[in-house]
Amino acid sequence: MRVAIIGAGPCGLAAAKYLHAEKAFATITIFEQRDDVGGVWYYTQNNTTDVNFSIPHTKPNTSPEEPICTGRISPGGDEEETLEFLSPAYDCLEANIPHTLMNYSDRKFPANTPLFPEHAVVKKYLRGYAEDVRSFISFQTQVVEVSPLQMGSKNTWKVTVKDLVTKKISMHHFDAVVVANGHYSDPYVPDIPGIEQWNKTYPGAITHSKFYRRPDQYRDKKVIIVGNSASGIDLSMQIAQVSLHPVLISEKNQEKTVDINPRLERVPEIVEFIVGDCPSVRFSDGRVEREIDHIIFCTGYLYSFPFLSQLSGPPIVTDGKRPCNLYQHIFYHPRPTLAFVGLPQRIVPFPVSEAQAACIARAFSGRLELPNRKEMEDWETEWIATHGSGKTFNSLAFPLDADYINSLHDYSIQARPKDGLENEGYGKEPPYWSEKEKWVRKMFPMIKAASQELGSRRKEITSLEALGFDFEHWKKIMH
């Protein structure tokens with residue numbers, strides 16, 4: 001059996017690990033369009049935008065992502081041309097999850113790692129994690145189409161790829177495909193009245209958080225941040241160090257909180273972009289803000305799989321708000337030899353990707369039975385009834401993410417044992433969150449806030465206990 005994995009980021013690497021551990025596949029091939037592993041943690045320093053980025057941008061891209069041609073200095077000191085796919089990582093990006101919870105179950109971060117590691121540390125960690133599956137990876141190879149193929153009585157997949165160096169197109173056949181290309185590449189910018197004309201009149205004034213790298217360009221400028229997600233909060237704090245004050249944070253659903261930072265001001269959502277004697281916007285409370293220099297949309301991303309346009313069955317994405325026709329956020333129920341890793345949001349991605357990969361590997365190897373198509377469709381229908389059919393469909397904020405990890409663990413270990421596999425034939429053990437992991441997950445907004453209060457000294461903190469969050473102490477008090 002031959003399996004293709006699309007993407008060598010955190011999710012693709014987890015999939016490769018669990019597939020490899022099954023000892024059941026003749027071929028495992030990872031197609032990665034970048035020249036190294038890392039996915040979103042592969043930092044690109046260029047302060048530019050994607051070729052196919054538009055304002056507004058409300059529908060998923062239907063064509064493959066275009067690389068940016070750039071130059072860099074080779075190890076030998078010569079300047080060389082390279083192709084880059086822009087990452088949403090920025091200069092000062094740190095993980096917003098403690099590395100003790102963020103890590104894969106079988107590989108911890110080095111003992112001296114700051115509790116919230118910088119992007120370069122995470123990238124190095126992923127390179128180490130990838131060592132034993134690196135030979136499976138075809139770098140600088142972009143998947144341009146995945147389509148179902150009938151070979152006799154067997155359902156297979158045709159995967160068409162492009163070598164980004166030679167520009168050569170080639171086709172490959174696989175029995176199963178794992179999609180692990182993530183969902184942080186196709187920026188969403190809402191269609192607000194006047195935004196298109198405003199962008200044409202004041203070119204370069206509107207951008208998206210994906211293209212932010214550093215605050216320098218906003219020095220002494222008037223800036224609005226749209227969105228109060230983790231990236232919105234992070235960017236506003238950084239930009240406020242150099243911009244005109246205050247940085248305005250526009251929120252659709254404003255929380256009734258008092259800003260303790262005089263450099264920031266929360267305002268309602270923008271309802272109109274006004275072109276006139278100066279760039280202006282109107283907020284939902286009627287207030288008009290004038291002489292704006294920059295607006296950064298921290299409004300998330302669209303689910304986008306342009307290489308799946310030839311499925312010949314129900315689509316995976318329609319409006320880009322959520323993936324469709326998947327069982328357990330993983331298996332394409334019309335043809336479950338197509339599986340996805342890492343689609344849920346508001347999760348801890350590394351352990352979630354492991355939990356999903358464990359199910360995929362066992363199902364593809366034949367050790368784990370999937371429900372019939374009707375049962376898989378019913379699962380999706382019931383999930384929609386409980387969680388909604390829009391963006392909330394894929395939101396697994398705590399405690400849902402903990403329940404999801406543990407339910408997939410319990411499902412995975414139902415697989416039939418097989419001689420020669422680790423764990424007495426039951427295979428590679430997926431993560432399971434005990435009371436401690438759940439406690440850390442529940443507490444980590446407070447943990448992050450306590451870390452930020454330390455300023456630059458936070459980088460000296462390498463454990464939860466050193467920051468004052470001791471699970472054993474808490475447990476004694478509670479019990």
Side-chain angles (χ1 to χ4, degrees), residues 38 40-51 53 55 57 67-73 79 82 84-96 114 116-123 184-185 187 189 198-199 201-250 259 261-267 270 273 278-281 289-301 448 451-459:
V40 295
W41 294 100
Y42 188 131
Y43 166 76
T44 51
Q45 69 174 358
N46 288 291
N47 191 1
T48 184
T49 57
D50 289 330
V51 174
F53 176 62
I55 297 171
H57 191 83
I68 305 295
C69 289
T70 185
R72 67 180 179 188
I73 304 301
E79 186 172 345
T82 187
E84 287 186 347
F85 289 90
L86 299 179
S87 161
Y90 42 89
D91 284 18
C92 298
L93 175 66
E94 296 176 357
N96 64 352
F116 294 95
E118 296 176 345
H119 62 77
V121 175
V122 180
K123 169 78 178 329
Y184 295 105
S185 63
V189 176
W198 204 91
N199 181 60
T201 307
Y202 313 111
I206 298 176
T207 187
H208 186 275
S209 59
K210 177 181 178 179
F211 311 116
Y212 171 82
R213 290 297 174 267
R214 55 198 70 90
D216 306 9
Q217 72 185 88
Y218 304 103
R219 185 171 300 279
D220 300 325
K221 303 295 185 181
K222 189 171 187 177
V223 181
I224 297 178
I225 303 288
V226 180
N228 64 343
S229 61
S231 60
I233 294 168
D234 214 5
L235 268 61
S236 63
M237 294 289 286
Q238 290 183 29
I239 291 170
Q241 300 295 321
V242 300
S243 67
L244 291 180
H245 300 151
V247 169
L248 303 180
I249 305 175
S250 174
D259 282 316
N261 189 336
R263 296 172 174 173
L264 306 176
E265 180 185 347
R266 297 177 188 273
V267 294
I270 299 172
F273 282 77
C278 68
S280 308
V281 299
E289 195 69 33
R290 299 166 57 83
E291 298 182 344
I292 297 157
D293 295 301
H294 294 282
I295 298 179
I296 306 173
F297 279 86
C298 301
T299 41
Y301 297 81
K448 180 68 173 178
S451 173
Q452 289 295 324
E453 287 179 6
L454 294 176
S456 60
R457 289 194 300 116
R458 72 187 180 278
K459 296 180 181 180

Heavy-atom closest contact (K459 atom, P114 atom, distance): O-CG, 3.5 Å
OG1-CD1 distance between T49 and I206, expressed to the nearest 0.5 angstrom: 13.0 Å
Backbone of T44 reached by a side-chain donor or acceptor of S87 within 3.5 Å: no
Main-chain N/O of V242 paired to K221 side chain as donor or acceptor, under 3.5 Å: no
Separation of L264 CG from L248 CG (nearest 0.5 Å): 9.5 Å
E265 side, atom CD; H245 side, atom NE2 - distance, nearest 0.5 Å: 12.5 Å
Student check: side-chain heavy atoms of K210 and D50 closer than 4.5 Å: yes
Side-chain donor or acceptor of K222 paired with backbone N/O of L244 under 3.5 Å: no
Contacts of type side chain to side chain donor-acceptor pair (under 3.5 Å), residue D234, not counting sequence neighbours: Y90
Under the salt bridge (Lys or Arg N to Asp or Glu O under 4.0 Å) test, residues paired with R458 that sit two or more places apart: E94
Side-chain heavy atoms of Q238 within contact of C92, under 4.5 Å: yes
Atom CZ of R214: over 12 foreign heavy atoms under 6.0 Å: yes
Candidate list V223, V281, I225, test side chain to side chain contact (heavy atoms under 4.5 Å, CB included), partner I295, passing option: V281
CA sep, side-chain torsions, deciding dist, call: Y202, I292, side chain to side chain contact (heavy atoms under 4.5 Å, CB included): CA-CA 10 Å; Y202 313 111; I292 297 157; over 6 Å; no
Closest approach of E291 to C278 (non-hydrogen atoms, all atoms of both residues): N-SG, 3.6 Å
Worked check of side chain to side chain contact (heavy atoms under 4.5 Å, CB included) between F53 and V189: CA-CA 10 Å; F53 176 62; V189 176; 3.9 Å; yes
Polar side-chain atom of H208 near backbone of G300 as donor-acceptor pair, under 3.5 Å: yes
Results of side chain to side chain donor-acceptor pair (under 3.5 Å) for D293 - residues two or more places apart only: none
Test item: N46 and R213 side chains (from C-beta on) under 4.5 Å apart, heavy atoms: no
Rounded distance [0.5 Å steps], CD in Q241 versus CG in D216: 12.0 Å
CD-OH distance between Q217 and Y212, expressed to the nearest 0.5 angstrom: 8.5 Å
Note, Y301 side chain near P88 side chain (heavy atom, < 4.5 Å): yes
Criterion side chain to side chain contact (heavy atoms under 4.5 Å, CB included) on I239 and I296, from CA distance to verdict: CA-CA 11 Å; I239 291 170; I296 306 173; 3.4 Å; yes
Distance, nearest 0.5 Å, that separates CG of N228 from CD1 of I249: 8.0 Å
Heavy-atom check, side chain of P187 versus side chain of F297, under 4.5 Å: no
Heavy-atom check, side chain of W198 versus side chain of I55, under 4.5 Å: no
F211 vs L86, side chain to side chain contact (heavy atoms under 4.5 Å, CB included): CA-CA, chis, key distance, verdict: CA-CA 8 Å; F211 311 116; L86 299 179; 3.9 Å; yes
Main-chain N/O of V121 paired with W41 side-chain donor or acceptor, under 3.5 Å: no
Heavy-atom closest contact (S209 atom, C298 atom, distance): CB-SG, 3.7 Å
